[in-house]
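Let me begin by presenting the structure, written as structure tokens, before commenting on it.
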Amino acid sequence: MKTVIITGGTKGLGREIAMVFGRANYFVFAFFASDQAAADDLQSVFTGEKISGCVVRHDVTAENSAIWQRAEILEAQNLTLIHAACAPFVPAPLHQLRWPEFQNNFEVAVKGGLLCAQNLIRPMLKQGGGTIVNVLTSAVESLPLSLAAEYGPRGVRVFSVSPGFMQTSLTEKWDARLREAIQAAARNSEPIIAAKTILELVENKTVAGNGEDHPI
């Protein structure tokens, strides 16, 4: 059984990843934090397309959860974690940024990624390997490097991906002038294309997984 755990898995890029992996015959755990309507919609799509998986409300910053004891995780022969969760934010000048906003983003990106990895390392090692993918932010850049250095020699591939700007439910709340400026100046990505690329990277055993980053 192939199992993938996707944080932030019900909207934007995370939803597309969940669908792409589900259609590739993975059992999908799609984690979400608060948007029940988006979660219900994805679960209904799973049911309609006969995708094996479940949508689970899970706080990635919580240190204890029964979700990690699910048989689909502990007994998987091929286990993948994709940490795509991102706390809601609206870009602002640095002098206007309040510490609680920064801290919330840091905890979801870094603490959430670390805790999910910690809970999955043991079953990965038991099965002789696994794959950990971080959707990169500047704060989380060192996490895949550290994980790869420690667990790469034991069969766990770890890498990050760096999508360009994407039109999602997160960015649609930003000021239109800011979105236009970013789109004009930066690389742009489509969530469905990025999700398919992540699946290709996960299933391509020639991808080293030594903590490297893959722009997508």
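What you see is a predicted model, and the numbers here were worked out from it, not measured in a lab.
Residue-environment remark: CG (N204) exceeds the threshold of 12 foreign heavy atoms within 6.0 Å. Taking a 6.0 Å sphere around NZ of K50, one finds it holds 12 or fewer heavy atoms contributed by other residues, nucleotides or ligands. The local environment of CD in Q118 is crowded, with over 12 non-hydrogen atoms from other residues, nucleotides or ligands closer than 6.0 Å. Within a 6.0 Å sphere centred on CD of E63, other residues, nucleotides and ligands contribute 12 heavy atoms or fewer.
D59 and T61 get closest at one heavy-atom pair: OD1-OG1, 2.7 Å. For the residue pair G9 and A30, the shortest heavy atom distance occurs at O-CB, 3.7 Å. Nearest heavy-atom pair, A18 versus F46, reported as atom, atom and distance to 0.1 Å: CB-CZ, 4.2 Å. The two residues T131 and M124 have their closest heavy-atom pair at O-CE, 3.4 Å. For the residue pair L136 and D213, the shortest heavy atom distance occurs at CD2-OD1, 3.6 Å. Closest approach of R157 to V207, counting heavy atoms only: NH1-O, 3.2 Å.
E75 CD to R70 CZ: the interatomic distance, rounded to the nearest 0.5 Å, is 11.0 Å. Note that CG of N78 and CD of E203 are 7.5 Å apart. Values are rounded to the nearest 0.5 Å. Here the straight-line distance linking atom CD1 of I6 with atom NE2 of H83 works out to 13.0 Å at 0.5 Å rounding. For the atom pair Q77 CD and M1 CE, the distance stands at 7.0 Å (nearest 0.5 Å). Separation of atoms CD1 (I121) and SG (C116) is listed at 11.5 Å; rounding is to 0.5 Å. Interatomic distance, CG of N64 versus CG of N119, reported as 8.0 Å (0.5 Å rounding).
Looking at D35, its side chain does come within 3.5 Å of a backbone N or O of A37 through a donor-acceptor pair. The main-chain N or O of A39 is never found under 3.5 Å from a side-chain atom of T10 such that the two would form a donor-acceptor pair. A distance-only check finds a donor-acceptor pair linking the side chain of R57 to the backbone of A33 [under 3.5 Å]. Listed for the T3 side chain is a donor-acceptor partner under 3.5 Å among the backbone atoms of E72. Checked by atom type and distance alone, the side chain of S162 never pairs as donor or acceptor with a backbone atom of H214 at under 3.5 Å.
Looking at residues two or more places apart in sequence or on another chain, you find a ring-ring contact (aromatic ring centres under 6.0 Å, His included) between F29 and F27. Annotation: side chain to side chain contact (heavy atoms under 4.5 Å, CB included) contacts of Q69 (sequence neighbours excluded): L74.
Taking 4.5 Å as the limit, some side-chain heavy atom of L42 sits within range of a side-chain heavy atom of M19. Using a 4.5 Å heavy-atom cutoff, the side chains of V110 and L143 are not in contact. The shortest side-chain heavy-atom distance between I17 and V28 does not fall under the 4.5 Å cut-off. At a threshold of 4.5 Å between non-hydrogen side-chain atoms, the residues V55 and D40 do not count as touching. Inter-residue side-chain proximity for V60 and L115 is flagged as unmet; no heavy-atom pair is nearer than 4.5 Å. The shortest side-chain heavy-atom distance between L13 and T168 does not fall under the 4.5 Å cut-off. Side-chain contact between I198 and I82: present, with at least one pair of heavy atoms (C-beta onward) separated by less than 4.5 Å. Here the side chains of L147 and P144 are not in contact, with every heavy-atom distance at 4.5 Å or above.
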Check the pair V202 / F21 against side-chain contact (heavy atoms from CB on, under 4.5 Å), numbers first and verdict last. CA-CA 10 Å; V202 168; F21 274 77; 3.9 Å; yes

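No path of Ile, Leu, Val, Met, Phe, Trp and Tyr side chains, each step under 4.5 Å between heavy atoms, connects L120 with L145, placing them in separate hydrophobic clusters.
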